[in-house]
Asks: 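Sharing a structure here in structure tokens format.
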Amino acid sequence: KKYAETVTYAREALKLRPDVPRLWLLLMDALDAQGKTAEAVAAGNEAIAAGIKDQTLTARLRAQSKILAQAPSLAANKALEAANPKAAVDYARKAIALVPDDLSYRMLLVYALIADGQIDAAEKAAGEALEVDPQSFLPRTLRGYLRQRQGRTAEAEQDFDAALKDEVLTGPTARDVRLVMADAAI
């Protein structure tokens, strides 16, 4: 449990062999064990930038990044509750910067942008959320709603039709999608 020494030795070893994923993992774990999660994430990002392709390292980096992203995500939700959508947008973007492939953070950004009245930006953010999970009905439904609000009815209908084809969309959830469609149409 001599984590500080381990960090020093791991960094020295990485100067000699930056191509060894286990050394990067050792560095990340030693930093994380000291409560230095941000430094562990930075080391993981440095490893990826150095060309390390290792599933364990990628998974560890994602897990540690999610830990860091919890604070701005929580702050974004609190800002929305406090009717401060501009702050919510900023916090949601910070969470996305840490974990770009997390759909929940992307949806949080969409909701914050809607609350801030930034319909064009919200529609773009919903499209980016769809790139993360093309099968999800939620960003597709919201993008359709936002496109309808922009007067882009044909594109909105395409999104709504695609959302309604989702196999997991049943019962109350399907009804909610139809309510969003009706609201957008009105």
Asks: With respect to Glu123, which candidate in Arg149, Arg152, Arg143 satisfies the side chain to side chain donor-acceptor pair (under 3.5 Å) definition?
Replies: Arg152
Asks: If you compare all heavy atoms of Ala10 against all heavy atoms of Leu26, which two are closest, and at what distance to 0.1 Å?
Replies: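 That closest heavy-atom pairing would be CB-CD2, 4.2 Å.
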Asks: Determine whether a donor-acceptor pair (N or O, by modelled atom type, separation under 3.5 Å) exists between the side chain of Gln34 and the backbone of Ala30.
Replies: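 Judged by distance alone, yes, a pair lies under 3.5 Å.
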Asks: Quick check: is Leu68 connected to Met28 through a chain of hydrophobic side chains (ILVMFWY, heavy atoms under 4.5 Å apart)?
Replies: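 Per the 4.5 Å side-chain linkage, Met28 and Leu68 are co-clustered.
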Asks: Quick one: which residue pairs count as a salt bridge (charged side-chain N to carboxylate O under 4.0 Å, His left out) with a foot in residues 69-90, not counting sequence neighbours?
Replies: Lys86-Asp116
Asks: Search all heavy atoms of Val20 against all heavy atoms of Leu14 and return the closest pair with its distance.
Replies: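 Closest approach of Val20 to Leu14: O-CD2, 4.3 Å.
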Asks: Mind checking what makes side chain to side chain contact (heavy atoms under 4.5 Å, CB included) contact with Glu157, not counting sequence neighbours?
Replies: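 Glu157: side chain to side chain contact (heavy atoms under 4.5 Å, CB included) contacts with Thr153.
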Asks: Spell out, yes or no, whether Tyr111 and Leu113 are grouped together once hydrophobic residues are joined by side-chain heavy atoms under 4.5 Å, including indirect joins.
Replies: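 No; tracing contacts between hydrophobic side chains, which count when under 4.5 Å, never links both residues.
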Asks: Check Leu108 against Asn77 and note the closest heavy-atom contact, atom names and distance.
Replies: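 So the two residues come closest at CD1-OD1, 3.4 Å.
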Asks: Tell me whether Ile52 is reachable from Leu31 by hopping between hydrophobic residues (I, L, V, M, F, W, Y) whose side-chain heavy atoms are closer than 4.5 Å.
Replies: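 The answer is yes; both residues are in one hydrophobic cluster.
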Asks: Among residues at least two apart in sequence or on other chains, which ones pass salt bridge (charged side-chain N to carboxylate O under 4.0 Å, His left out) with Asp133?
Replies: none
Asks: Can you list the steps and then say if Glu39 with Asp32 is a side-chain contact (heavy atoms from CB on, under 4.5 Å)?
Replies: CA-CA 8 Å; Glu39 288 181 47; Asp32 195 41; over 6 Å; no
Asks: Is Val132 reachable from Val99 through a run of I, L, V, M, F, W or Y residues, each pair having side-chain heavy atoms under 4.5 Å apart?
Replies: no
Asks: If you look at every heavy atom in Pro72 and Tyr91, which pair is closest and at what distance?
Replies: O-CB, 3.2 Å
Asks: For Gln70 and Lys66: C-alpha separation, side-chain torsions, deciding distance, then whether side-chain contact (heavy atoms from CB on, under 4.5 Å) applies.
Replies: CA-CA 6 Å; Gln70 289 173 354; Lys66 280 190 79 87; 5.7 Å; no
Asks: As a quick check of understanding, evaluate side-chain contact (heavy atoms from CB on, under 4.5 Å) for Tyr145 and Gln148, giving each step before the final call.
Replies: CA-CA 5 Å; Tyr145 171 79; Gln148 183 71 40; 5.8 Å; no
Asks: Can you give me the closest heavy-atom contact between Leu57 and Pro21, atom names plus distance?
Replies: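 Of all heavy-atom pairs spanning Leu57 and Pro21, the closest is CD1-O, 4.2 Å.
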Asks: Flag yes if Val89 and Ile119 sit in one hydrophobic cluster, no otherwise; membership is Ile, Leu, Val, Met, Phe, Trp, Tyr, and two members link when side-chain heavy atoms are under 4.5 Å apart.
Replies: no
Asks: Side-chain contact, heavy-atom cut-off 4.5 Å: Arg22 with Thr56?
Replies: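 A side-chain contact under 4.5 Å is absent here.
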Asks: On a heavy-atom basis, which atom in Ala88 and which in Leu80 lie closest, and how many Å separate them?
Replies: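 What the structure gives for the nearest pair is CB-CG, 3.6 Å.
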Asks: Looking only at atom types and distance, does a side-chain atom of Ser65 sit under 3.5 Å from a main-chain N or O of Leu61, one as donor and one as acceptor?
Replies: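 Side chain of Ser65 to backbone of Leu61, a donor-acceptor pair under 3.5 Å: yes, one is there.
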Asks: Is the closest side-chain heavy-atom distance between Lys94 and Ser73 below 4.5 Å?
Replies: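 Not touching, per the 4.5 Å side-chain cut-off.
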Asks: Hey, does the side chain of Arg60 reach the backbone of Val41 with a donor-acceptor pair shorter than 3.5 angstrom?
Replies: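 Not a single qualifying donor-acceptor pair exists.
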